[in-house]
Amino acid sequence: MATNRKVNKGAMMVGGQSGPVEWDRPDHEFYPTPPETTEALIRAMPHLAGQKIWECACGDGRLARVLEHHGCEVIGTDLIDRGYGQGGVDFLATHRRRASKVITNPPFTLAQAFIEHAMRLHLEEVWVLLKTNYYQAARRTGFKQRIRPKYKLELSWRIDSLGLGNGALDCAWFGFERDFNGRTIWDTLSKPKMDNLDLFVPERVAPTDRSTLTVVAENQGVLL
């Protein structure tokens, strides 16, 4: 098994490596979703509460547990078993949809593949957490023309996926609907106050196999 490479905060935000090393890159690009990130989405899109949701990169369940708190029936799957849902399920090799709606935080380097596959499965609604500048890459211009997000909901704060004590990632929820071909609706989400964070964060995350990830730094392109 290969050993993880190391990257710094700035490199992680653009998907590359540069500057002084600060930490090990997580296994299989596992960046847990802070609960307030999902809470902000549900408050902005209350129609998602109580729905049957497929979390196809469920990790340790931090995103899914917030959905469950809002009455959702969550179908959790992931390639890696991290103690929540069904492990050993490769979303990109799945040919049967397990729900009509998806909410997920996929590995950043596989985000486009996840979105494209979700559209092939004819999912009605797909919400994906991505870097705010995801579509700025010139090489994604064609992708945006083919599959345009209906919503881009930017978080007004930087998320701290690794629990380092300070936010490192500027992120947004991108919402896709089947056959949508209009103009993207843009908005900003405020950080919600949550007094029950302990309900959603597992006490311990089981270790998993390590892999070396090839990451390409993104070039700036067309803004949404």
Quick one: which of Val128, Leu123, Ile53 gives a side-chain contact (heavy atoms from CB on, under 4.5 Å) with Val102?
Leu123
My understanding is that only one of Leu155, Leu189, Leu63, Asp160 makes a side-chain contact (heavy atoms from CB on, under 4.5 Å) with Thr37; could you say which?
Leu155
Report yes or no: do Gln86 and Arg98 form a side-chain donor-acceptor pair below 3.5 Å?
yes
With no hydrogens and no angle check, just 3.5 Å: does a side-chain donor-acceptor pair link Glu154 and Thr188?
no
Among Thr94, Thr104, Thr77, which residue satisfies the side chain to side chain donor-acceptor pair (under 3.5 Å) criterion with Trp54?
Thr77
Where the side chain of [X] meets the backbone of [Y], is there a donor-acceptor pair that is under 3.5 Å apart?
X	Y	value
Asp78	Cys58	yes
Arg65	Asp60	yes
Thr184	Lys150	no

Dump the intermediate steps for ring pair (Phe, Tyr, Trp, His ring centres under 6.0 Å) on Trp186 and Tyr151, then the final yes or no.
CA-CA 6 Å; Trp186 171 86; Tyr151 298 98; over 10 Å; no
For [X], does the [atom1] atom have more than 12 heavy-atom neighbours from other residues, nucleotides or ligands under 6.0 Å away?
X	atom1	answer
His47	NE2	yes
Arg146	CZ	yes
Asn181	CG	no

Should the pair Arg140 and Tyr134 be classed as cation-pi, given the thresholds of under 6.0 Å to the six-membered ring centre and 45° from the axis?
yes
Starting at OG1 of Thr132, measure out to OH of Tyr135 and round the result to the nearest 0.5 Å.
13.0 Å
If you measure from OG1 on Thr38 to NE2 on His70, what distance do you get to the nearest 0.5 Å?
9.0 Å
